[in-house]
Peer 1: 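A single structure is presented below for examination.
Positions are given from 1 along the sequence.
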Amino acid sequence: MNNKSTKHTKVLILGSGPAGYTAAIYAARAMLKPILVHGSQPGGQLTTTTDVENYPGYAKAIQGPWLMEEMKGQAEAVGTIMIQDHINKVDLSKKPFTAIGDSGQIYSADTIIISTGAQARWLNLKSEQNFRGFGVSACATCDGFFFKDKKVAVVGGGNAAVEEAMFLTKFASKVKLIHRRNELRAEKMLQEKLKSNSKIEIIWDSVIEEVVGQNEPKSVSAIKIKNVKDNKTKELKIDGLFIAIGHDPATSLFKDQLKMDNEGYLITKPDSTETNIPGVFAAGDVKDKIFRQAVTAAGMGCMSALEAEKYLSHTKL
């Protein structure tokens, strides 16, 4: 049995990134002495993004990892306690709420802010995972630059896939968009832009069977695709593959405790970060599948801390 004493806090923040860090800044400034528990790679998805050009306040492009370091430093400077641990269990059925870490540490909290974010979905092919980071990527804005004057493929049919394909035309000589259906889910206006771009070719009714390449040095040279209508396979010569088939929110911890939609995103009250359990709040990509921006996540982090403070002041014994 572990003999670590329970760490109690008024505000426990699970997850980092713009939502968690902003929640921490606001909660700490409200003298709530928040504890923020983050995993082994704090900072969330922004740590895999290089040039950030759309975060307000910076006229020149900034680096995602740098922005996250700055937010983390700011949260610590105003009094947030940062702890690296992996939470494997939470109990939201009674007050105070409790969370248990892999370290054996028990955390108890009067309020919880969930900002665990989301992860990119993969095709889950062995060959895809083999070349991940060596020609296979889930982030065009991070890795597009490496494919200057090369041929690339994008998999997907939603807004993200179309946006990634268009973004990649800045660098690549040719972009092939592979979609398993015969029409895209993306917004009509985006589709028009896509179809008018001569660098992009859409390959309909097709799925990827295998990523082909060399192991020494590791690089991608082609993909095998199968037409789902006639089952014929063919090989396409490409230098890079971008996966854009959506994201999965990190919410498995909260299954059967918090209300979620059919994709696992936490549901909050309108114009609020409050979940179906009073005192439990959700901010950032863990609840937002529409905007998924650093600035909206940060905005929700701010809201969650202000709502937690209000909740605490109303429930003082």
Side-chain angles (χ1 to χ4, degrees), residues 45-55 58-64 118 120-123 125 127-128 131-213 218-227 234-247 289-295:
Q45 294 177 85
L46 260 196
T47 55
T48 63
T49 307
T50 46
D51 285 359
V52 176
E53 296 181 349
N54 54 13
Y55 198 82
Y58 301 96
K60 291 187 173 71
I62 53 169
Q63 300 297 300
R121 251 179 234 155
W122 297 90
L123 299 170
L125 300 170
S127 55
E128 164 203 53
F131 291 105
R132 194 168 150 181
F134 296 93
V136 175
S137 168
C139 179
T141 44
C142 323
D143 301 322
F145 182 78
F146 303 118
F147 296 92
K148 224 168 171 15
D149 303 322
K150 294 189 168 166
K151 290 184 183 145
V152 298
V154 177
V155 189
N159 283 357
V162 170
E163 280 165 4
E164 301 255 290
M166 308 244 291
F167 178 81
L168 287 164
T169 59
K170 292 182 183 183
F171 310 103
S173 57
K174 188 81 185 156
V175 179
K176 293 177 190 287
L177 180 65
I178 298 159
H179 187 44
R180 59 186 175 178
R181 300 195 179 91
N182 60 359
E183 57 179 325
L184 300 170
R185 296 188 313 280
E187 290 163 15
K188 292 286 178 276
M189 216 167 102
L190 271 177
Q191 290 194 38
E192 293 309 308
K193 267 185 168 173
L194 178 90
K195 285 168 184 171
S196 65
N197 192 316
S198 59
K199 276 189 174 184
I200 299 172
E201 178 196 343
I202 305 173
I203 299 172
W204 303 109
D205 301 313
S206 297
V207 293
I208 293 183
E209 299 248 283
E210 194 188 344
V211 181
V212 182
K218 218 176 224 197
S219 62
V220 170
S221 57
I223 46 171
K224 283 182 184 161
I225 60 169
K226 181 174 89 172
N227 184 299
K234 64 175 176 180
E235 200 165 288
L236 291 181
K237 292 256 177 285
I238 57 156
D239 303 292
L241 174 64
F242 290 84
I243 316 292
I245 54 173
H247 288 73
K289 59 184 172 188
I290 298 168
F291 302 109
R292 297 187 35 246
Q293 299 298 308
V295 66

Peer 1: Do Q191 and E183 have side chains that get closer than 4.5 Å, going by heavy atoms?
Peer 2: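 Q191 does not reach E183 side chain to side chain.
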Peer 1: Judged by atom type as modelled, is there a donor-acceptor pair below 3.5 Å linking the side chain of E164 to the main-chain atoms of A140?
Peer 2: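 It does hold such a pair.
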Peer 1: Please walk me through it: do K174 and E201 pass side chain to side chain contact (heavy atoms under 4.5 Å, CB included)?
Peer 2: CA-CA 8 Å; K174 188 81 185 156; E201 178 196 343; 4.0 Å; yes
Peer 1: Less than 4.5 Å apart, side chain to side chain, heavy atoms only: is that true for K224 and V212?
Peer 2: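 Yes, at least one pair of side-chain atoms sits under 4.5 Å.
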Peer 1: Please assess I208 against I243 for the test side chain to side chain contact (heavy atoms under 4.5 Å, CB included), listing each intermediate value before the final yes or no.
Peer 2: CA-CA 11 Å; I208 293 183; I243 316 292; 5.6 Å; no
Peer 1: Looking at residues at least two apart in the chain, or sitting in another chain, which of them share a ring-ring contact (aromatic ring centres under 6.0 Å, His included) with F147?
Peer 2: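 ring-ring contact (aromatic ring centres under 6.0 Å, His included) list for F147, sorted by chain: F242.
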Peer 1: L177 and V154: side chain to side chain contact (heavy atoms under 4.5 Å, CB included), yes or no, with the steps?
Peer 2: CA-CA 5 Å; L177 180 65; V154 177; 3.8 Å; yes
Peer 1: Kindly say whether T169 contributes a backbone atom to a donor-acceptor pair with the side chain of K199 at under 3.5 angstrom?
Peer 2: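 Side chain of K199 to backbone of T169: a pair is present.
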Peer 1: If only atom types and distance count, is the side chain of S206 paired as donor or acceptor with the main-chain N or O of W204 below 3.5 Å?
Peer 2: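 Checked: pair present.
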Peer 1: Could you state the interatomic distance from CZ (F171) to CG (D143), rounded to the nearest 0.5 Å?
Peer 2: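 The distance works out to 10.5 Å.
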Peer 1: Using modelled atom types and a 3.5 Å cut-off, is there a donor and acceptor pairing between side-chain atoms of D149 and backbone atoms of S173?
Peer 2: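 A pair under 3.5 Å: no.
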Peer 1: Do you know the tightest heavy-atom contact between S127 and V211?
Peer 2: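 Closest heavy-atom pair between S127 and V211: OG-N, 2.9 Å.
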Peer 1: Using modelled atom types and a 3.5 Å cut-off, is there a donor and acceptor pairing between side-chain atoms of R121 and backbone atoms of I245?
Peer 2: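 Yes, because the side chain of R121 sits within donor-acceptor range (under 3.5 Å) of the backbone of I245.
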Peer 1: Are I202 and L194 packed together at the side-chain level, in the sense that at least one heavy-atom pair is separated by less than 4.5 angstrom?
Peer 2: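 Yes, their side chains come closer than 4.5 Å.
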Peer 1: What is the minimum heavy-atom distance between N159 and A186, and which atoms define it?
Peer 2: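 Scanning both residues, the minimum pair turns out to be OD1-CA, 3.1 Å.
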Peer 1: State, with a plain yes or no, whether a side-chain heavy atom of V295 is found less than 4.5 Å away from one of Y55.
Peer 2: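 In short, these two side chains touch, coming nearer than 4.5 Å.
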Peer 1: Counting neighbours of NZ on K289 that are heavy atoms of other residues, nucleotides or ligands and sit closer than 6.0 Å, is the number greater than 12?
Peer 2: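 Yes, enclosed.
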Peer 1: Between E128 (side chain only) and W122 (backbone N and O only), is there a donor and an acceptor less than 3.5 Å apart?
Peer 2: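 Not a single qualifying donor-acceptor pair exists.
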Peer 1: Please lay out, stage by stage, how I223 and I178 fare under the test side chain to side chain contact (heavy atoms under 4.5 Å, CB included).
Peer 2: CA-CA 11 Å; I223 46 171; I178 298 159; 3.4 Å; yes
